[in-house]
Amino acid sequence: MDNDTGLLLLRLLVGLLIAAHGVQKVSFLLGGSGLAGGTEEFRHDGFRGGTLTALTAGAGQIGSGLLLAAGAFTPLAAAGAIGVMTVALTVKWPNGLWVQHDGYEYPLVLIGTATTLALTGPGRLSTDHALNLPHWPAWSAPAALALGVAGGLAVRALLHHPPSPQTPPRSP
């Protein structure tokens, strides 16, 4: 295999997993709990906005994931994926790193992978290449990381409120 095939496989795996998470938030597909379940998940995690928050998060994951999988507008797709995964990381942060304790390991891996794809570019087997878009400038990868993290932290700051003392902790 060559580098372009490896990048294609990585983009498909990560992009489609991110998109699938978004589908789960807004529908019953792929084991999701429907829009009402996605809304309740965000409320339980301390986010305001209800249905609009779930729809926006789901759309962000679906859109950025599909763009990453297709290798389309790669720095923008990476920034979107980094943003939604930064929010997920902040939710799981109190549980520590490891996923078996509901930690932030998985969002961190997705943030790292999206950043890597912004650094390497999507490869020749991509929409960017098919559209003959110019090679993305070197600054686009750090910009994608910075914008994604800043966007995710801004969403957290604007929409999250600490749970009240009588709110039971989330079960693992």
Side-chain angles (χ1 to χ4, degrees), residues 14-70 72-99 101-119 136-137 139-172:
V14 171
L16 293 177
L17 283 173
I18 291 171
H21 274 279
V23 168
Q24 289 176 323
K25 283 185 177 40
V26 298
S27 75
F28 291 101
L29 298 173
L30 306 174
S33 301
L35 185 55
T39 300
E40 180 55 33
E41 177 186 347
F42 278 100
R43 284 189 182 133
H44 193 270
D45 288 336
F47 286 88
R48 294 187 265 270
T51 302
L52 183 58
T53 299
L55 277 172
T56 303
Q61 287 179 312
I62 293 166
S64 64
L66 291 178
L67 286 172
L68 268 182
F73 309 104
T74 302
L76 178 63
I82 291 165
V84 295
M85 288 300 113
T86 296
V87 174
L89 187 147
T90 67
V91 169
K92 296 182 175 300
W93 183 265
N95 302 325
L97 175 63
W98 303 114
V99 72
H101 301 292
D102 199 28
Y104 60 90
E105 174 185 4
Y106 182 64
L108 183 61
V109 168
L110 293 176
I111 290 167
T113 305
T115 302
T116 300
L117 288 169
L119 283 167
W136 297 104
W139 57 263
S140 65
L145 178 61
L147 289 173
V149 170
L153 292 176
V155 166
R156 171 75 180 209
L158 291 171
L159 295 180
H160 190 264
H161 56 87
S164 62
Q166 62 268 30
T167 303
R170 186 174 185 185
S171 60

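FYI, the numbering just counts along the sequence from 1.
Identified under the ring-ring contact (aromatic ring centres under 6.0 Å, His included) test for residues 72-95, with sequence neighbours left out: W93-Y104. Sorted by first and then second residue, the side chain to side chain donor-acceptor pair (under 3.5 Å) pairs involving residues 148-157 (not counting sequence neighbours) are T90-R156.
Put simply, CZ on F47 and CD on E41 are 10.0 Å apart, with the number rounded to the nearest 0.5 Å. Interatomic distance, L68 CG to L76 CG, rounded to the nearest 0.5 Å: 9.5 Å. A distance of 5.0 Å separates CG in L89 from CD1 in I111, rounded to the nearest 0.5 Å. Taking CG of L117 as the reference point, atom OG1 of T113 lies at 7.0 Å (rounded to 0.5 Å). Note: H160 NE2 to R48 CZ = 9.0 Å, rounded to the nearest 0.5 Å. We find the CD1-CG distance between I18 and L110 to be 5.0 Å, quoted to the nearest 0.5 Å.
Residues satisfying the side chain to side chain contact (heavy atoms under 4.5 Å, CB included) criterion with A141, sequence neighbours excluded, are A118, L119. L52 pairs by the side chain to side chain contact (heavy atoms under 4.5 Å, CB included) definition with T56, not counting sequence neighbours. Applying the side chain to side chain contact (heavy atoms under 4.5 Å, CB included) rule to V149 yields the partners I82, T86, L145, L153; only residues at least two apart in sequence or on another chain are considered. With sequence neighbours left out, A57 forms a side chain to side chain contact (heavy atoms under 4.5 Å, CB included) with K25, F42.
Summarising the geometry of D102 relative to N95, their closest heavy-atom pair is O-ND2, 3.0 Å, with the distance given to 0.1 Å. When all heavy atoms of P137 and S140 are compared, the pair lying nearest together is O-OG, 2.7 Å. The shortest heavy-atom contact between G50 and R43 is CA-NH2, 3.7 Å. Contact between A144 and A78 at its shortest, heavy atoms only, is CB-CB, 4.3 Å.
Using modelled atom types, one side-chain atom of Q24 and one backbone atom of L30 make a donor-acceptor pair closer than 3.5 Å.
Side-chain contact between L67 and T74 is absent, with no heavy-atom pair separated by less than 4.5 Å.
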*Decide yes or no on side-chain contact (heavy atoms from CB on, under 4.5 Å) for I62 and V26, but give the supporting numbers first.*
CA-CA 10 Å; I62 293 166; V26 298; 4.3 Å; yes
*Would you please test L97 and L108 for side-chain contact (heavy atoms from CB on, under 4.5 Å) and show each step?*
CA-CA 9 Å; L97 175 63; L108 183 61; 4.2 Å; yes
